[in-house]
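No experiment lies behind these values; they were computed from the predicted model shown. In what follows, every heavy atom counts, from backbone to side chain, and hydrogens, waters and symmetry copies are set aside.
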Amino acid sequence: MVWTGTWVSDRLGIELAGDDELRGLLGLALRRNPKRAHLLVSGVLGKHVPQLPSVVHGHGVTLGRRVRALLGPEEAARAVVLGYAETATALGHAVADGLETAPYLHSTRRPVASVPSAGGFEESHSHATSHLLLPEDPAFFDRGGEAGRGPLVLVDDEFSTGNTVLNTLRDLHARHPRDHYVIVALVDMRAAGDAGRLAAFAEETGARVDVVAHARGTVRLPGDVLARGLRLVEEQDGRTADPLVPCAPAVAPVRLELGWPAGLPDGGRHGFTPDHRARLREALPAMAARIVDGLGGPEQAGRVLVLGFEELMYAPLVLARALEEVGLDVRFSTTTRSPVLAVDDPGYAIRTRLAFPAHDDPADGPGERYAYNVAGGGFDTVLAVVDSAADTPALHAPGGLLAQLATAAPRVALAVVPAHTPVPRTPDRQEPPVLPAPLRGPDFSSYEPDDVGWLLQDLSAVRLEAPVEEREEAVQRGGAHYAESLPVEYQPTEEYQELYRDALAGSAARIARAVGTVTELVLAERSPRPVLVSLARAGTPVGVLMRRWARHRHGTELPHYAVSIVRGRGIDANALRWLAAHHDPADVVFVDGWTGKGAITRELADALAGFPGFDPEIAVLADPGSCVRTYGTREDFLIPSACLNSTVSGLISRTVLRDDLVGPHDYHGAKFYRELSGSDVSRDFVAAVEDRFDEVADAVDQQVKEAASADRAPTWEGWAAVERISEEQGIHDVNLVKPGVGETTRVLLRRVPWKILARRGAGADLAHIRLLAEQRGVPVEERDDLPYTCVGLIHPRYTRGATGADGKAVGSA
């Protein structure tokens, strides 16, 4: 076979010398990097070259076993393992697997404000230089027991100049000195002078430093290789077309639910313990079975590539390994930040390149990312595995990763691993103060005291309201978050109140049927005695009604609490802590009013990743976006509680999360609008629906029976529709597209609307929408192709100059 370094070697005179197996492990490519011309491309790392997952994992495990033999059982039991982002994150995991008893951490380029850094260092030749060490446990590097700190095992894919390792050793030795370091790499390519520098470090610190590698050798470089390499890259750019398809269409991949264990970290970014390793191994067979079923079985899946994501290498690797063990023809590789020239030649290591925008909101800003050797690989299915922080609109956008993969394989699937949310721990493990009991009516809210306990702090005395236009301008300019202030409460006209009353009279039975259905499904499938936790505030009237149904139909008094969740900021961690202290988290069922495109559904799943025991699956009254399994209906119809604000939600405002008002041990805040009690219809709304419970009982029983045998798996059709509408309308931001009757109502009440898209022929469900749109001067555009009854579009380029003198919305230029 042609060595995959031949093309570069022939043109630049770069040579590899060393062990016989060296060329079997490494090929060569050219970097797009002014600091270094060449890239050593590993064929067994699973980064740039798709490889059998057993080969990738096996090389790391073998290295780990060699380290264990070097250290001996007692010292191995005291060791910690550190890997390098992004290339060696899975390799470091596999080395820790080989050691068996060692916790693992890898460096990261994704900062977390709440986690203090335990160190950092530079990778001087890299295009992205800074590494952070962010262990969730501040004592991670101090493991070792009474004998002092144990050995530190540093893992990288290649050990070339040794600069990165020396930078790491100096930083960590200054913070956490120890007497033994083991450097592990697939290949040790140091020149004699580089080896001397590591020996000098050992001498000056008195520490022992060992090196373990599969193969050893050196890279011989001509003196002018950097300049010649840059010229060669320029020449190739002029001769070959970029394989990027710039106008690749948006795609709706097959979304596979993994059943990732609650609370299990997605990898070693903040630490991965032997207990985590055991939990993952136990869960892998079931997750692999779900993937195989989701792909339609081995025959339909065909030749599969499991594609990881930058630092997220280990989770997709072991998933691929589990698929390999059940008989799938599977390979593994990941996306990368590294810009490399692609040349379609058998003597070159990087044959094809897919380029796409970053999709995880990286701290260093937007930029291009790459997937190498995917196109032309003969794959029937590409399964992209990302963490939830990277499951963003950019991932699904035209030209994004999924669209690019669709040009390279007939079938694209997506699996999302919950991104671990670190819970910082102080070295002395001090517990936070005891949290207060829930607030209840009549002191806070107009609901009966037993109907709901609010896990919120009362901010009624604080002035938080701002005009809608000021809030919208601040949010869109990035100067504020929507949860830092409150909109001025909309006070309905008599005409609008009459519409609300008519809507309630016409839909009370329909709502009662949906309430009964979702409650019965929860009782049958989730817990015989669930703890209802509604997402304040749209979910709270639904939680109250579900509690009333359980009491009316079964004589069961279900606990019900309301908590705050904020898009982009997560759920109230202190509220979760209170719930975990007073109830079994396995009994907690989160409740909301409806789904739009599913943003809060995803937000909840992400937020609960760091809280073991809580089930992230949400129960809703209506699921028009097809985002959940537990729902009363998937119809997009008017839920009258969406027509009003606090006056149908116990006189409670939206929740507030602002640093100067909400401390680290405080609940999120909200206001109780006592002054609006004369307009309050909260109890009337509940009573009107409860009055229909007996009337709909038989229909509920039939609906629950049908649901039990139906396929209720989420399809996320709503999210795909929102992405399409965003692009069609030139908005390019799914956060400004609010689908469904409930979300459209919110746009008209609390945001600056641009236009309303309405399904042609929609009747009474849109009467209040048309009235609000007329009052605010917002055009309503009739459409035949909407999957929702209506969609509200927030003004995409809002400033106060983008409205007329009367404050009404005007068309966008």
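- The backbone N or O of His48 lies less than 3.5 Å from a partner atom in the side chain of Asn373, making a donor-acceptor pair.
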Side chain to side chain contact (heavy atoms under 4.5 Å, CB included) between Leu166 and Arg197, intermediate numbers included:
CA-CA 8 Å; Leu166 278 170; Arg197 290 189 296 132; 3.4 Å; yes
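- In plain terms, the two heavy atoms of Thr101 and Ala76 that are nearest each other are OG1-O, 3.5 Å.
- Counting only distance, with no hydrogens or angles, the side chain of Thr218 and the backbone of Ala191 share no donor-acceptor pair below 3.5 Å.
- Heavy-atom neighbours of Glu74 CD from other residues, nucleotides or ligands within 6.0 Å: at or below the threshold of 12.
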Which is it for Arg32 and Val340 under the side chain to side chain contact (heavy atoms under 4.5 Å, CB included) test, yes or no, and what are the steps along the way?
CA-CA 5 Å; Arg32 297 177 181 272; Val340 184; 5.9 Å; no
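- Salt-bridge formation is detected for the pair Glu204/Arg170: a Lys NZ or Arg NE/NH1/NH2 atom is positioned less than 4.0 Å from an Asp or Glu carboxylate oxygen.
- Summarising the local packing, CG of Asp10 is surrounded by more than 12 heavy atoms from other residues, nucleotides or ligands at distances under 6.0 Å.
- Ring geometry for Tyr372 versus Tyr370: interplanar angle under 30°, hence parallel rather than tilted (30 to 60°).
- Using modelled atom types, one finds a donor on one side chain and an acceptor on the other under 3.5 Å when comparing Glu311 with Thr108.
- Residues Asp97 and Arg277 are paired through a salt bridge, judged by an N-O separation under 4.0 Å between the basic side chain and the carboxylate.
- If you look at His106 and Tyr84, their ring centroids are not closer than 6.0 Å.
- Distance check, rounded to the nearest 0.5 Å: CZ of Phe332 to CG of Leu317 gives 4.5 Å.
- Between Trp7 and Val343, the closest side-chain pair of non-hydrogen atoms falls below 4.5 Å.
- Within the 3.5 Å criterion, the main-chain N or O of Ala79 finds a donor-acceptor partner in the side chain of Arg143.
- Residues Thr62 and His59 bring no donor and acceptor atom of their side chains to less than 3.5 Å of each other.
- Inter-residue side-chain proximity for Pro53 and Val330 is flagged as met; some heavy-atom pair is nearer than 4.5 Å.
- The backbone N or O of Met313 sits nowhere less than 3.5 Å from a side-chain atom of Lys47 that would complete a donor-acceptor pair.
- The residues Glu325 and Arg321 are annotated as salt-bridged, a charged nitrogen and a carboxylate oxygen being separated by less than 4.0 angstrom.
- Side chains of Leu341 and Asp237 form a contact here, defined as non-hydrogen atoms less than 4.5 Å apart.
- Side chain of Arg228 to main chain of Arg11: a donor-acceptor pair is present (N/O by atom type, distance under 3.5 Å, no hydrogens or angles).
- A pairwise comparison of heavy atoms in Thr4 and Gly27 identifies OG1-CA, 3.2 Å as the closest pair.
- Contact record, Leu99 with Arg68: O-NH1, 2.9 Å, taken as the closest heavy-atom pair.
- In this structure, Ile350 and Val41 have side chains that are in contact, with non-hydrogen atoms separated by less than 4.5 Å.
- To the nearest 0.5 angstrom, Leu105 atom CG is 12.0 Å from Thr273 atom OG1.
- For the pair Asp266 (side chain) and His420 (backbone), a donor-acceptor distance under 3.5 Å is present.
- In this structure Ala390 satisfies the side-chain contact (heavy atoms from CB on, under 4.5 Å) test together with Phe309, His359, Asp360, Val386, Asp387, sequence neighbours excluded.
- In the model, Tyr314 has no side-chain atom that pairs as donor or acceptor with a side-chain atom of His57 under 3.5 Å.
- A salt bridge is absent between Arg216 and Asp19; no separation between the charged side-chain nitrogens and carboxylate oxygens falls under 4.0 Å.
- Inter-residue side-chain proximity for Leu280 and Trp260 is flagged as met; some heavy-atom pair is nearer than 4.5 Å.
- The shortest non-hydrogen separation linking Ala349 to Val49 is O-CG2, 4.1 Å.
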Given Leu319 and Leu258, is the side chain to side chain contact (heavy atoms under 4.5 Å, CB included) satisfied, shown in steps?
CA-CA 10 Å; Leu319 287 169; Leu258 293 173; 4.1 Å; yes
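- Other residues, nucleotides and ligands place more than 12 heavy atoms under 6.0 Å from the CG atom of Asp344.
- Nearest heavy atoms, Leu305 versus Pro50: CD1-CB, 3.9 Å.
- Across all non-hydrogen atoms, the minimal contact from Gly399 to Pro357 is O-CD, 3.3 Å.
- For the 3.5 Å distance criterion, the side chains of Glu15 and Ser9 fail to qualify, holding no donor opposite an acceptor.
- Atom-to-atom distance recorded for Arg178:CZ and Leu172:CG is 7.5 Å, nearest 0.5 angstrom.
- The existence of a salt bridge linking Glu368 and Arg337 is excluded, since no basic side-chain nitrogen approaches an acidic carboxylate oxygen closer than 4.0 Å.
- Judged by distance alone, with hydrogens and angles left aside, the side-chain atoms of His270 form no donor-acceptor pair with the main-chain N or O of Pro422 at under 3.5 Å.
- When atom types are taken as modelled, the side chain of Arg149 and the backbone of Pro177 share a donor-acceptor pair closer than 3.5 angstrom.
- Between the side chains of Arg369 and Thr335, no donor-acceptor pair is found at a separation under 3.5 Å.
- A donor-acceptor pair under 3.5 Å is absent between the side-chain atoms of Arg220 and the main chain of Ile14, judged by distance alone.
- A donor-acceptor pair under 3.5 Å is formed between the side chain of Ser107 and the backbone N or O of Ala85.
- Within the 4.5 Å cutoff, side-chain heavy atoms of Met189 are placed close to those of Leu40.
- Of the inter-residue distances, the one linking Leu133 atom CG with Thr168 atom OG1 reads 7.5 Å to the nearest 0.5 angstrom.
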